[in-house]
Amino acid sequence: MKILLVNGPNLKLLGTREPTIYGSETLEQIVKKVCDTALTKGVQITAFQSDDEAALISAIGAARGVYEGIIINPAAYTHTSVGLRDAISACGVPTVEVHLSNTHKREAFRHVSLTAPVCVGQIMGFGSKGYLLAIDALIGDH
Ligand code: DQA
């Protein structure tokens, strides 16, 4: 099984970015952990991060027929991007949305996700463990 792991804007700053909210692991460390865990389950991960909404949309648009699942942390675009939502919906690949923080405990503008309604499900508030839980969710879905 092949899964595309997509991380959105500012997530490359993990490690130093507001560690009390997002933890102290770097994105590189998280991606390695996800890839290693996935491999033990026979899952191959391709990881992609971009700050660019168009690049994220293109990556999702190209996923059909290549990946059986997508794990995405759309970061700030969660709350703003109809384009990303439409890309997830259009590609038809089962997608799990992950957030490191529990966005419902935070500012009101983070309480709405435009992307979650077109995902299989959403995992939030468990730090980087959420990405690992998402692997199991997609294996179950497959
Ligand atoms: C985030 C939550 C978003 O509200 C925020 O814009 C992020 C990270 C999270 O993983 O908790 O950049 O997606």
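From a predicted model like this one, the values you see are computed outputs, not experimental measurements. Indexing begins at 1, ligand by ligand and atom by atom, following the structure's order.
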### Message
Checking Tyr131 against Asn7: is there a side-chain donor and acceptor pair closer than 3.5 Å?
### Response
yes

### NZ (Lys33) with more than 12 external heavy atoms under 6.0 Å
yes

Would you list the atom pairs, donor with acceptor, under 3.5 Å between side chains in residues 114-125 and any protein atom, with sequence neighbours excluded?
unit_1 : atom_1 : unit_2 : atom_2 : d
Thr115 : OG1    : Glu97  : OE1    : 2.7
Thr115 : OG1    : Ser113 : OG     : 3.1
Gln122 : NE2    : Glu97  : OE2    : 3.0

### Message
Around atom CD of Glu28, are there more than 12 heavy atoms from other residues, nucleotides or ligands closer than 6.0 Å?
### Response
no

### Message
Ring-plane angle category for His99 and His79, please: parallel below 30°, perpendicular beyond 60°, tilted otherwise.
### Response
parallel

Write out each pair where an N or O from ligand 1 and one from the protein are under 3.5 Å apart, with the distance.
unit_1   : atom_1 : unit_2 : atom_2 : d
ligand 1 : 4 (O)  : His79  : NE2    : 2.7
ligand 1 : 4 (O)  : Arg110 : NH1    : 2.9
ligand 1 : 6 (O)  : Ala76  : N      : 3.3
ligand 1 : 6 (O)  : Arg110 : NH1    : 3.1
ligand 1 : 10 (O) : Asn73  : ND2    : 2.9
ligand 1 : 10 (O) : Leu100 : N      : 2.8
ligand 1 : 11 (O) : Leu100 : N      : 3.3
ligand 1 : 11 (O) : Ser101 : N      : 2.9
ligand 1 : 11 (O) : Ser101 : OG     : 2.6
ligand 1 : 12 (O) : Arg17  : NH1    : 3.1
ligand 1 : 12 (O) : Arg17  : NH2    : 3.0
ligand 1 : 13 (O) : Asn73  : OD1    : 2.8
ligand 1 : 13 (O) : His99  : ND1    : 2.7

### Query
Under 3.5 Å, is there a donor-acceptor pair between the Lys2 and Thr46 side chains?
no

